[in-house]
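Each remark here refers to the structure printed beneath this line.
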Amino acid sequence: MSNLSRVITSRFQPLTGTFSGWRMVLVSALVVYAAAPGMTYGTTAFVDPLTSELGISRSLFSSAYAFATIASAIVLLLIGRYFDRWGSRRLMTAAIVGLGIGVLWLSFSAGPIGVFIGFAITRTFGQGIMPLASRILIPHWFLRHRGRAYSAIGIAGTMSIATLPPVHEWLITQVGWRALWRIDALVLIVALAPFVWWRVRDLPEDIGQQQDGRTTLDDARPVFSDANVGTTLAAARRTYAFWALVAASLVPMGIITGLSLYQVGIYEDLGYPSSLAGLTFTIESVSMFAATLWIGARLDRINLRFPLLASQVLMLAAMIVLITGSSLWIGLLYAILRGAATGIALITADVAWASWYGRQHLGSIRGFAAAVGVFISALGPLPLGLAIDRFDSYTPAILSMMLLP
């Protein structure tokens with residue numbers, strides 16, 4: 001490049017002189033990682049000490065948690081239309097503060113009503129808005145490399161699943177569950193929220209950049225921006241593809257939520273070694289990590305229908321393997337298939353929403369889909385609970401759930 005070209009190029013760059021998109025990916029990945037207190041896996045370590053100290057039965061706790069999740073879905077559905085108006089920077093920051101307030105509330109809870117309110121807050125911000133705002137940010141910064149960018153988000157979620165539950169378990173034994181939730185609140189509100197507000201920008205155009213770091217000198221044609229291109233939520237909901245993509249995203253979510261919640265009981269019912277229940281989450285995390293890394297590098301070059309189809313096949317195969325064996329190796333194969341199915345489904349759906357419906361109304365579209373997803377995750381355990389009560393076995397529910405993929 002000639003000296004004149006370098007001078008001209010510099011005029012189109014922001015003050016940082018580098019493309020900021022990958023910085024947005026890192027911040028978004030950090031937010032997804034830190035959303036654990038609002039996720040089921042981030043709550044597991046608190047269940048026993050909380051219910052024991054407050055004298056809450058498991059059935060009452062499960063009901064409060066399920067209704068809190070449904071309440072968060074309703075809130076998410078109502079505010080989904082504002083995602084495009086407020087932008088990811090405001091939403092991420094507000095959601096981090098909201099999650100911090102929720103866990104702080106839980107640390108002072110003294111009964112089931114307080115627990116319900118606390119979980120409604122943490123599920124709304126931690127499971128709903130924080131990861132969604134992070135995922136909405138990525139397509140604004142990437143067009144040709146969305147698959148790679150989203151794979152980083154998926155890896156962050158996988159690392160959160162693999163590392164935070166055991167850390168929480170250990171810290172609870174050291175400082176207690178109330179103090180740990182207060183520590184979580186302090187980290188979220190005092191450290192993470194200001195950092196996100198400082199580092200995140202909603203659009204590359206806001207700071208003189210283009211998607212993928214392109215410049216006007218990349219070629220002789222004008223730089224295309226799809227910031228104002230996209231389908232409205234109302235128009236999207238009238239398409240078959242919208243509901244097909246919703247279903248392809250939610251089927252693994254609903255199934256995994258149910259199977260994970262009753263995992264210990266399912267293994268006992270089917271004759272698997274009792275030690276396998278805890279190991280499954282570790283193996284599943286490794287499988288999700290590998291699948292996310294592998295598919296993320298390829299999504300920008302293949303038809304998205306094929307990995308969506310593959311994720312359903314893998315989920316079906318996982319359930320078939322689960323009920324046809326009872327050995328350690330069969331259980332490990334089940335965990336591998338389950339992790340791969342989940343990883344491929346989530347990352348592919350992330351890329352598909354922006355690729356099929358554009359950026360302009362992406363927030364309202366994904367907000368609606370996420371609200372449906374949270375609602376489905378609350379209902380996921382229902383067939384398994386009914387099956388064990390009525391048939392004294394989880395197998396009928398698993399057989400019926402095979403129809404979904």
Side-chain angles (χ1 to χ4, degrees), residues 24-25 27-42 69-100 102 120-142 146 149-150 152-154 156-158 160 188 192-193 196-197 200 202-203 230 233 236 242 245-246 248-250 252-254 257 342 345-378:
M24 302 303 146
V25 171
V27 176
S28 298
L30 178 61
V31 171
V32 169
Y33 183 90
M39 303 291 188
T40 301
Y41 68 84
T69 302
I70 293 174
S72 71
I74 295 172
V75 173
L76 194 59
L77 186 63
L78 293 175
I79 70 171
R81 68 185 69 180
Y82 298 106
F83 273 76
D84 300 304
R85 184 181 307 174
W86 293 337
S88 289
R89 185 189 185 203
R90 292 180 181 177
L91 283 169
M92 268 198 252
T93 306
I96 292 167
V97 174
L99 179 59
I121 297 172
T122 60
R123 298 292 276 172
T124 297
F125 292 108
Q127 187 192 21
I129 298 177
M130 275 178 69
L132 181 58
S134 301
R135 285 175 158 83
I136 291 173
L137 180 65
I138 299 304
H140 291 297
W141 284 87
F142 294 92
R146 283 173 180 166
Y150 271 124
I153 304 297
T158 302
S160 183
L188 289 165
L192 185 58
V196 169
W197 181 261
V200 170
D202 291 321
L203 302 173
L233 173 60
F242 177 87
L245 185 53
V246 167
S249 306
L250 301 190
M253 184 182 300
T257 301
T342 306
L346 294 180
I347 299 302
T348 306
D350 281 334
V351 176
W353 284 118
S355 299
W356 293 355
Y357 295 104
R359 286 203 283 160
Q360 187 178 14
H361 305 287
L362 183 62
S364 58
I365 289 175
R366 294 216 59 177
F368 178 88
V372 177
V374 173
F375 182 77
I376 293 298
S377 70

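All of these numbers come straight from a predicted model, not from anything done at the bench. Counting from 1, the numbers follow the sequence of the chain as shown.
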Practice item. Name the orientation class of the two ring planes belonging to F242 and F368 (parallel below 30°, tilted from 30 to 60°, perpendicular beyond 60°). Key: tilted

Review point. Any side-chain heavy atom of D350 within less than 4.5 Å of one from I347?
Key: yes

**Study point:** 4.5 Å side-chain heavy-atom contact, S160 and V32
**Key:** no

Study note, to complete from the structure: Between P131 and G126, the two heavy atoms sitting closest are CD-O, 3.1 Å

Practice item. Run the numbers on L76 and I129 for side chain to side chain contact (heavy atoms under 4.5 Å, CB included), then give the verdict. Key: CA-CA 7 Å; L76 194 59; I129 298 177; 3.8 Å; yes

Check your understanding: Any idea which heavy atoms bring Y41 and G157 closest together, and the distance?
Key -> OH-O, 4.4 Å

**Study point:** Closest heavy-atom pair and its distance - A354, P139
**Key:** CB-CB, 3.4 Å

Exercise for review: Mind checking the CH2-CG spacing from W141 to D202? Nearest 0.5 Å is all I need.
Suggested key: 9.5 Å

Check your understanding: Hey, are the side chains of L250 and V372 touching, using non-hydrogen atoms and a 4.5 Å cut-off?
Key -> yes

Check your understanding: Any donor and acceptor pair, going by atom type alone, linking the side chain of S355 with main-chain N or O of A352 inside 3.5 Å?
Key -> no

Check your understanding: Hey, what do you get for CD1 (I153) to CZ (R146), rounding to the nearest 0.5 Å?
Key -> 13.5 Å

Listed pairs under 3.5 Å, donor-acceptor, residues 90-98 side chains, sequence neighbours left out:
unit_1, atom_1, unit_2, atom_2, d
T93, OG1, R89, O, 2.8

Review point. For the atom pair CG (L137) and CG (L203), what is the distance rounded to the nearest 0.5 Å?
Key: 8.5 Å

Review point. Hey, mind stepping through W353 and V246 against side chain to side chain contact (heavy atoms under 4.5 Å, CB included) and telling me if it holds?
Key: CA-CA 10 Å; W353 284 118; V246 167; 3.6 Å; yes

Review point. Out of curiosity, S28 OG to M130 CE, how far, rounded to the nearest 0.5 Å?
Key: 10.5 Å

Point to revise | Contact summary for A34 and L99, nearest pair of heavy atoms | key: O-CD2, 4.0 Å

Study note, to complete from the structure: Looking only at heavy atoms, the pair that brings A29 and A152 closest together is CB-O, 4.0 Å

Exercise for review: Taking all heavy atoms of P37 and all of T122, pick out the closest pair and write down the distance.
Suggested key: O-CB, 4.1 Å

**Study point:** S88 side chain reached by I136 side chain, heavy atoms, under 4.5 Å
**Key:** yes

Review point. Do side-chain atoms of Y150 reach the backbone of R135 as a donor and acceptor pair under 3.5 angstrom?
Key: yes

